[in-house]
Structures are given as structure tokens and as C-alpha cells.
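Hydrogens, waters and symmetry mates play no part in the numbers below; they use all other heavy atoms, side chains included. Numbers restart at 1 for each chain; the letters A, B, ... are given by sequence-line order, proteins then strands.
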Number of protein chains: 2
Amino acid sequence: MEALLNTIRHFIPLTEADAALIRQLFKVKQLSKGEYFVQEGYTCKQVGFIQQGLVRYFLNKDGQELTYEFGKEGEFICNYASFLDQSVSDESIQVLEDTSLLAISFDDLQTFYKQVPAGDRFGRLIVESIFVRAKKQLASLYSEPPEVRYRQFLQLYPDIQQRIPQYYISSYVGVKPPSLSRIRKRLAQS
Amino acid sequence: MEALLNTIRHFIPLTEADAALIRQLFKVKQLSKGEYFVQEGYTCKQVGFIQQGLVRYFLNKDGQELTYEFGKEGEFICNYASFLDQSVSDESIQVLEDTSLLAISFDDLQTFYKQVPAGDRFGRLIVESIFVRAKKQLASLYSEPPEVRYRQFLQLYPDIQQRIPQYYISSYVGVKPPSLSRIRKRLAQS
DNA sequence: CAATTCCGTTCACCTGGGTTAATAAATCAG
DNA sequence: CTGATTTATTAACCCAGGTGAACGGAATTG
């Protein structure tokens, strides 16, 4: 819970009253490996904060699961496109390890916005940051070849490479598993 | 100016007073072919609404200009990542034809938010819509081969194909000009 | 422990885009 | 209108990733 408060304090100052409210509004949520935080076809009803564990974001393209993002300890997870206007999600967030979350519901988040003075600003900053993140990924896909994207993935997630199947990584990088194998081989040789 | 009001009405209702305020806050701005609405290294100080004309969004990767988006009549243009927190832009918006805009400054937009009851909601809906747009493009880059992306471009911008150089389109599609030529040839044959 | 499923790698072959350069077509400026 | 510049196409060659399949090792299951 302290990790959550500190992460929020990274964006806005919090009084003790604010912190107390946050402690109240966020509920602990446990998900086992393979379970979903949001599933395609359903509405994303919460924002989560990962205390321990790992998730992947993926979308469905003709039956193929395309993993395009990961979330790890200390990060917020949410399908904002679904959450913000409570519409049906066209992508999924799945837990890759047993994961411990702090989650806040849509309604409780509105309470947070009302009662914490800088709450709206926090909300805006979070949405901005995920937007900037999406833009960065767009730029990366446009400008970087798979090999570079793989190296950047290793930098961004140095620890989780051993924790998950390679084919999630190959999907994130934008290639098929055999191709990621070749990339890894090339990198090992040099 | 009516086009602007109608576009805003597409998101929120406007009273006559609202409309009058909008007429006051948005200023006509003319840009000639080749000029910039925002340039890399500068701050995006306005949101524009295209009355007539065409723009491209691009970013700079090792001296290569990567065109990743277009804007046409009836669309808002802005580098929101720069505008929202008035930070330095890392991308540019350039005018591809002599273009007539209606533009509102950052400060005047705050006035709009304060005075128009549904103003904040409009702002949120716009930011959401550009976010969703970025996500769609991300999904497209992940899942669609260049040939499909080119066909989708033709659907999305049926008219402007003749108005701009092909290499902007090839950049948008994610390939080099010779490759787009081959794609066009393949499509013409079938 | 044995059987099965899952997963990563490798192979052979194919396809499509990158690169460079030449040429042709279109556009622009004087 | 003409020469110059810009842009689009084409060709030849190379290379990286896709595909399908086989293999071996790891993890799971009963």
C-alpha cells in the first residue's frame, strides 16, 4: 500500500487525509496465473496497481493473440479506452503470474477525484502518461527494426525475460517465435 | 466557422452564448504549403481546426522524417503531448497545401473550459478520441501487413491520394517508396 | 516414474521489403 | 517553353522474417 501512495505522490502531494481515503478506496485483489483483469467483450470496471506479479495486454486478431504490452510491479493497469467511458473492451489484460493488486472501482475513483484536491490533476497526468506511452510505442514500431525493439524490451524489463514464455515477447517485438530465436542467436554471437 | 460549431455539437450541446464565445475565441489562421503548425523543438501553443487544407504529422528518426498521420478538413490538429502540459514537442505538424484554420490558444481554451458548462467533458472526449485513434493505429501496425494498411489508407483518405507525394503515404504505411510502388502494382493487377 | 503436452530452436524454402541506381514522368522556375 | 528539379517507377540483388515441420528438452499430469 505504501508503494501505491508513493507512486501517487510522484505525481501529486497527498495529505494524511488523502492517504487515508486512498487506503479505504483501494481494495486488495488476488489473481492467479491465467486469470483476467479485463477480458475482451467485457467492461473494464477497475484501475489496478500491481503490488506483485506480472500481466500482459493483448488483442485478438483473427484468433491470434497479439501481446503488445506488459505491466509489472509498481505500475497501474487498466484498459482506459474501456474504463473511461465504461464501454466494452476490445482487448484483454491477463495475469502471467499469481498477482497481487490494489484495485479501485470506477465509482470510487470518482469519489477520489471529488475529495482529493489534486485528484483531477492526477487523473489527467495518468491519462497523459499512458497516451505518451502509446505514442512512444507507435514511434518505436515505425522506426525501429525488431532486433532493436528486442534489445529495448530487455532494457525495459530486464527481470521478466525469464519469467514468461518467449512467444509473448516475440509478439511484443512484432515477429514470430522462430524469428525471435534467430535474433537471440545473432545477439549471442556478437 | 459553422463547421467547427457543428463538429463540437457532435460531442456536446451548445447554447447560443456558447457558440458566440467560441466564435470569439477561435481565430482564423492561414498557413501556406510547407509551413508548420508545430515544429519539433517548439511548444504546441494552439489547437487548430482545419477548414480547408491538409496537414501531416511527422517525427524525426536520425534525420528521416516519418509521417505517421494526416489531418484534413473538419479535423482538429494538435500535438497534445506538447500542448497539454506546454512542453517541447518532439514531432512536427506541417501543412501540405495552403490551409485555412481556426485556432484557439492554450489560455483561451482554459476560458472555454471555464465558461462552457460541458467544456471539460468536450476536452476529455477529444483527448479520449485521439487516444483511441493512437491505439487503433498501434493495433494496425501490429496486425496488418503493408498492403492492407495501404488499402485502409485509401478508404480513410480517398480524396487526398492525388493531392500529396507518394512518399508521405509510403511512410504512413510503413514501407519505402519502391515497396509502395510494388504494392500499387500488385493491387492494380488484381 | 512414465506419458503427454508445451515450448524453444533449428532447418529448408519462400516471400516481400530494403537498397542502390537508372530511368521516366511530372512539376516548377526562369 | 525550356531546363532543372522533384518524384514515381522499375530492375537487380540482398537479407530478414514467415511458414511448416521436425526435433529435443522442459514442464505437467496422472
**Q** Taking the six-membered ring where the residue is Trp, are the ring centres of Tyr172(A) and Tyr168(A) under 6.0 Å apart?
**A**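 Ring-ring flag for Tyr172(A)/Tyr168(A): false, centres at least 6.0 Å apart.
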
**Q** Would you say Tyr167(A) reaches dC7(C)'s phosphate, i.e. side-chain N/O to OP1/OP2 under 4.0 Å?
**A** yes

**Q** Can you check the Ile183(A) CD1 to dG8(C) C1' distance for me, whole Å?
**A** 14 Å

**Q** How about Phe49(A) and Phe26(A): are their ring centroids closer than 6.0 Å?
**A** no

**Q** Provide, to the nearest angstrom, the distance between the NZ atom belonging to Lys33(A) and the C1' atom belonging to dA27(D).
**A**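 Checked: the NZ to C1' distance equals 10 Å.
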
**Q** I want to verify a distance call: between dG18(C), dG18(D), dG8(C), whose nearest atom is closest to the Ser181(A) side chain?
**A**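 Closest nucleotide to the Ser181(A) side chain: dG8(C).
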
**Q** Are Asp85(A) and Ser87(A) close enough that a side-chain donor and a side-chain acceptor fall under 3.5 Å?
**A** yes

**Q** Look at the side chain of Gln166(B) and decide which nucleotide, out of dA11(D), dA8(D), dT10(C), has an atom nearest to it.
**A**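 The listed nucleotide nearest to Gln166(B)'s side chain is dA8(D).
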
**Q** Can you check the Lys185(B) NZ to dT15(C) P distance for me, whole Å?
**A**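 Those two atoms, NZ and P, are 17 Å apart.
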
**Q** If you assign Arg182(B) and Pro177(B) each to the DNA chain D nucleotide with the nearest heavy atom, which residue ends up on the more 5' nucleotide?
**A** Pro177(B)

**Q** Taking only side-chain nitrogens and oxygens of Arg186(B), does any of them come within less than 4.0 Å of OP1 or OP2 of dT9(D)?
**A**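 No.
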
**Q** Nearest whole angstrom, please: distance from the P of dT19(D) to the CG of Leu180(A).
**A**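 Those two atoms, CG and P, are 15 Å apart.
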
**Q** Take the protein atom CD1 of Ile164(B) and the nucleotide atom P of dT7(D), then report the distance between them rounded to whole Å.
**A** 12 Å

**Q** When the distance from CD1 of Ile169(A) to P of dG8(C) is rounded to whole Å, what number comes out?
**A** 8 Å

**Q** Nearest to the side chain of Lys176(B), which nucleotide is it out of dG8(C), dT10(D), dG18(C)?
**A**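 Looking only at heavy atoms from C-beta outward on Lys176(B), the closest nucleotide is dG18(C).
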
**Q** How many whole angstroms separate atom OH of Tyr150(A) from atom C1' of dG8(C)?
**A** 12 Å

**Q** Does a salt bridge link Lys61(A) with Glu91(A), judged by any charged N lying under 4.0 Å from a carboxylate O?
**A**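 Looking at Glu91(A) together with Lys61(A), the answer is no, because their closest N to O distance does not fall below 4.0 Å.
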
**Q** Please work out if Pro178(B) contacts a base, only the sugar-phosphate, or nothing of the nucleic acid, heavy-atom cut-off 4.0 Å.
**A** base

**Q** Would one find a side-chain N or O of Arg184(A) under 4.0 angstrom from OP1 or OP2 of dT9(C)?
**A** yes

**Q** What is the separation between atom CD on Glu144(A) and atom C1' on dA16(D), rounded to the nearest whole Å?
**A** 16 Å

**Q** Below 4.0 angstrom from OP1 or OP2 of dA16(D), is there any side-chain N or O of Ser179(A)?
**A** no

**Q** Indicate yes or no for a side-chain donor-acceptor contact from Ser171(B) to the backbone of Tyr167(B) under 3.5 Å, with no hydrogens or angles considered.
**A** no

